[in-house]
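Inspection log for the structure reproduced underneath, given as structure tokens.
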Amino acid sequence: MNSITLMIMKPCSRIMFAAAPFPKSPNFPSNLCVSRLKTYKFYGTCSPRFSGVKAVFNESRKEYSGGKRIAAWGQSRIFSPPTTHRPPYYVVATLASDIRNFSTSIETRVNDKNFERIYVHGGDLNVKPVVVEKIDLDENIVKNEEEGKKGIEFEEIGNCELKNEGLNGEIESVEVIGREESEVEKEAWRLLRNAVVSYCGSPVGTVAANDPNDKMPLNYDQVFIRDFIPSAFAFLLKGEGEIVRNFLLHTLQLQSWEKTVDCYSPGQGLMPASFKVRTVALDDNKFEEVLDPDFGESAIGRVAPVDSGLWWIILLRAYGKLTGDYTLQERVDVQTGIKLILNLCLSDGFDMFPSLLVTDGSCMIDRRMGIHGHPLEIQSLFYSSLRCAREMLTPEEGSKNLVRAVNNRLSALSFHIREYYWVDLKKINEIYRYKTEEYSTEATNKFNIYPEQIPDWLMHWIPEEGGYMIGNLQPAHMDFRFFTLGNLWSIVSSLGTPKQNEAILNMIEAKWDDLIGQMPLKICYPALKKEEWRIITGSDPKNTPWSYHNGGSWPTLLWQFTLACMKMGRQDLAKKAIDLAEKRLSADHWPEYYDTKNGKFIGKQARLYQTWSIAGFLTSKMLLEKPELASVLYWEEDYDLLENCICALSSSTRKKCSRMLAKSQILV
Ligand code: GLC
């Protein structure tokens with residue numbers, strides 16, 4: 001296969017092709033920033049700057065004259081609408097070659113029959129199958145690819161400024177915080193800004209940890225997708241959109257970049273776990289910068305970063321909401337990025353459930369912790385990202401089927417999680433009395449859970465008030481551990497019913513000492529001990545009981561807790577937790593995590609100056625102070641989705657579908 005290098009320069013007066021993956025041509029300007037485009041021996045160099053949009057709150061309205069749109073698919077993922085203060089940069093290029101290799105890779109694998117399967121095979125519902133049309137996404141992609149074969153398109157992007165037009169009319173202006181920042185906040189901002197990584201002179205992300213005394217940073221000197229999310233929110237809430245825009249565009253460039261793990265390439269649409277800016281020597285003592293992504297092929301344990309793409313979609317929506325710059329999500333290359341992620345997530349497999357099937361360690365807990373299968377964290381991020389994507393997909397013929405698939409999956413997923421993941425005192429008592437070995441579609445105990453599986457700790461621990469979503473569900477297996485991120489994000493995204501969401505916070509309040517203790521918040525509860533620890537973690541010395549992922553306390557979870565509390569009108573709880581964190585974080589040098597049952601000690605191997613601990617704290621403070629901004633970051637119940645669900649549920653009894661019915665049956 002030929003290697004082609006497309007070089008895009010700034011200012012974009014020339015386009016060059018070379019025959020090597022790295023540009024070594026003497027004609028190549030030494031100060032040029034380079035990033036690899038993607039896939040199949042095709043590397044691109046980049047126009048280095050995305051001079052994004054800075055949200056200027058409280059300013060008089062400015063017109064956003066975003067860049068002209070590029071019509072064809074297959075274009076490079078380089079786009080840089082400049083602000084008025086900078087010389088214009090440029091966008092290249094629609095390439096005849098298969099930059100994104102659409103025709104073969106984005107085959108329609110969207111399985112919108114999962115919903116049907118669940119209800120038909122699920123047992124207690126003798127319903128007519130939901131009729132769903134076959135999804136044929138390829139059509140559109142192939143068509144667009146054809147268009148893309150016209151050759152290189154080259155377009156200059158006009159100037160842009162932010163039109164603070166009120167985020168869909170939701171926010172007209174945003175008050176800059178009136179009060180003086182505390183010393184801790186000032187320090188946090190300084191540290192956060194020090195953690196910023198630049199690529200070709202523009203900010204593109206933040207390193208995971210920035211401890212000057214750390215001689216062995218491993219990969220903590222990289223920009224992790226998931227770690228950057230609280231940093232992004234901190235910047236967005238502060239009115240600084242540029243770094244977030246750059247991050248979104250650069251990570252998009254890295255999506256599905258050719259990487260292999262022992263001769264096997266991960267699926268198209270995968271977003272990397274992290275990336276690093278590397279300096280590569282050119283001839284004549286000159287250097288250039290390249291972005292080097294890690295899709296898990298270097299990661300400890302070779303874990304798959306399933307959550308990266310989900311977070312990317314969530315952040316993309318938030319960027320639009322908080323800056324008012326919706327042109328980013330409307331761009332063709334960005335739309336393609338969303339579709340690639342969706343296709344990867346919605347593709348058919350052997351699975352029986354609407355939840356996403358993943359390997360162990362595919363999310364924040366990125367080591368073996370017995371969370372393979374259908375872990376809650378992935379399900380709630382999946383649900384959120386589907387809701388975000390549905391909002392952002394531009395309405396066009398080609399995305400109609402995808403949107404339908406997304407809707408079906410959302411309905412099925414919320415029904416599945418609400419029904420089967422939820423536990424409270426009453427439900428545990430039901431499980432305690434379950435009959436087993438029920439062979440029929442009518443089974444009550446569908447997953448054949450043996451009551452003996454209910455752990456002893458849970459029988460004592462479950463409070464009268466409240467409940468939570470369990471960590472995982474598989475045939476004959478319920479993982480009863482409480483996983484904080486999944487539960488918080490179920491609240492934020494309305495994956496849970498309003499009552500369940502309220503009950504989760506009630507439970508956290510009732511179990512404050514266990515889940516918040518001296519430092520918010522426990523990543524999961526309780527810890528795996530003894531034989532369980534040996535078998536499930538593989539005797540992992542980093543994940544000993546009440547340490548790290550195995551029941552450690554992670555300050556970064558504070559911002560998600562704050563958001564969940566704000567949605568449910570429980571600012572009091574958030575405030576209490578933030579106050580606790582504020583007392584210690586700075587004094588302890590912003591650790592990554594804390595150890596022991598109540599989070600008393602700085603984690604055994606915790607990094608210091610961990611960026612998402614810093615950013616999580618700042619984001620929490622700002623969310624509390626800007627409830628009008630927080631409110632665009634969470635979702636209320638979607639009754640249309642429920643209607644879907646109820647239609648399937650009620651067709652056996654020929655009940656009419658209605659919102660009322662939806663409310664009465666699902667909002668238990
Ligand atoms: C640890 C965490 C992971 C995080 C990474 C970088 O591996 O488990 O969630 O992204 O550190 O901070």
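Side-chain atoms are counted along with the backbone in the values below, which use heavy atoms only and exclude waters and symmetry mates.
One N or O on the side chain of D294 and one on the backbone of G296 form a donor-acceptor pair closer than 3.5 Å. Panel note: side chain Q255, backbone G337; a donor-acceptor pair is recorded below 3.5 Å. E391 places no side-chain N or O within donor-acceptor distance of the main-chain N or O of R317, the cut-off being under 3.5 Å. The backbone N or O of G361 sits nowhere less than 3.5 Å from a side-chain atom of D366 that would complete a donor-acceptor pair. Using modelled atom types, one side-chain atom of T562 and one backbone atom of L558 make a donor-acceptor pair closer than 3.5 Å. Counting only distance, with no hydrogens or angles, the side chain of R607 and the backbone of A209 share no donor-acceptor pair below 3.5 Å. Within the 3.5 Å criterion, the main-chain N or O of F295 finds a donor-acceptor partner in the side chain of E297. Remark: side-chain polar atoms of K321 are not paired, donor with acceptor, to backbone N or O of L633 under 3.5 angstrom. Under the 3.5 Å distance criterion, the side-chain polar atoms of S362 are left unmatched by any main-chain donor or acceptor of V306. Judged by distance alone, the side chain of S231 and the main-chain N or O of T206 form no donor-acceptor pair under 3.5 Å.
Counting heavy atoms from C-beta on, the side chains of L192 and T611 come closer than 4.5 Å. W312 is listed as a side-chain neighbour of T251, based on a closest heavy-atom distance under 4.5 Å. Residues L291 and Y199 form a side-chain contact, since some pair of their non-hydrogen atoms from C-beta on lies under 4.5 Å apart. A heavy-atom distance below 4.5 Å is found between the side chains of K276 and D221. When side chains are defined from C-beta on, D325 counts as touching R245, because their heavy atoms get closer than 4.5 Å. No side-chain heavy atom of V184 sits under 4.5 Å from any side-chain heavy atom of L585. Counting only heavy atoms from C-beta outward, the side chains of E582 and K621 approach each other to under 4.5 Å. V207 places none of its side-chain heavy atoms less than 4.5 Å from the side chain of F224.
Smallest separation of non-hydrogen atoms from Q379 and L356: OE1-N, 2.6 Å. Of all heavy-atom pairs spanning V204 and S198, the tightest one is CG2-C, 4.4 Å. Of all heavy-atom pairs between S384 and I314, the closest is CB-CD1, 3.7 Å. For the residue pair Q222 and S274, the shortest heavy atom distance occurs at OE1-OG, 2.8 Å. Smallest separation of non-hydrogen atoms from G616 and P230: N-CB, 3.9 Å. Nearest heavy-atom pair, P591 versus P555, reported as atom, atom and distance to 0.1 Å: O-CG, 3.8 Å.
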Side chain to side chain contact (heavy atoms under 4.5 Å, CB included), that's the test. Do I523 and M364 meet it? Break it down for me. CA-CA 9 Å; I523 194 166; M364 177 186 179; 3.7 Å; yes
Intermediate values then yes/no, salt bridge (Lys or Arg N to Asp or Glu O under 4.0 Å), R226 and D307: CA-CA 7 Å; R226 72 175 76 84; D307 63 342; 2.6 Å; yes
How far apart are the C-alpha atoms of R278 and D292, what are their side-chain angles, what is the distance that settles it, and do they pass the salt bridge (Lys or Arg N to Asp or Glu O under 4.0 Å) test? CA-CA 7 Å; R278 289 193 195 283; D292 186 9; 2.7 Å; yes
Intermediate values then yes/no, side chain to side chain contact (heavy atoms under 4.5 Å, CB included), D214 and Y220: CA-CA 10 Å; D214 189 355; Y220 282 82; 5.5 Å; no
Hey, mind stepping through L402 and L346 against side chain to side chain contact (heavy atoms under 4.5 Å, CB included) and telling me if it holds? CA-CA 9 Å; L402 186 59; L346 298 175; 4.1 Å; yes
In sequence, state the C-alpha distance, the side-chain angles, and the governing distance for Q335 and T394, and then conclude on side chain to side chain donor-acceptor pair (under 3.5 Å). CA-CA 8 Å; Q335 288 282 314; T394 44; 3.2 Å; yes
Test salt bridge (Lys or Arg N to Asp or Glu O under 4.0 Å) on K186 and E183; report intermediate values, then the result. CA-CA 5 Å; K186 281 185 194 153; E183 286 311 310; 3.4 Å; yes
Decide yes or no on side chain to side chain contact (heavy atoms under 4.5 Å, CB included) for Y326 and M392, but give the supporting numbers first. CA-CA 9 Å; Y326 291 100; M392 293 188 293; over 6 Å; no
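When only modelled atom types and interatomic distance are considered, E288 and T279 share no side-chain donor-acceptor pair under 3.5 Å. Side chains of Q329 and Y319: no donor on one and acceptor on the other come within 3.5 Å. A donor-acceptor contact closer than 3.5 angstrom links the side chains of S586 and E187. A donor-acceptor contact under 3.5 angstrom links the side chains of S182 and E185, judged on distance only.
Atom CG of L629 is separated from atom CG of L236 by 9.5 Å, given to the nearest 0.5 angstrom. L386 CG to C345 SG: the interatomic distance, rounded to the nearest 0.5 Å, is 7.0 Å. How far CG of D211 is from CE of M216: 13.5 Å, rounded to the nearest 0.5 Å. Remark: M566 CE to S620 OG distance equals 10.0 Å, nearest 0.5 Å. Separating the CD1 atom in I313 from the CG atom in L248 is a distance of 11.0 Å, to the nearest 0.5 Å. Taking CG from D227 and OG1 from T556, the interatomic distance works out to 7.0 Å, rounded to the nearest 0.5 Å.
When each of L316, V244, T323 is checked for a side-chain contact (heavy atoms from CB on, under 4.5 Å) with L328, only L316 meets the rule. Partner of W311 under the ring-ring contact (aromatic ring centres under 6.0 Å, His included) criterion, chosen from F247, F382, W489, F233: W489.
A cation-pi contact, defined as under 6.0 Å to the ring centre and within 45° of the axis, links K238 to W189.
Judged as a ring pair (Phe, Tyr, Trp, His ring centres under 6.0 Å), the pairs with a partner in residues 606-629 (not counting sequence neighbours) are, in order, H589-Y609, W590-F617.
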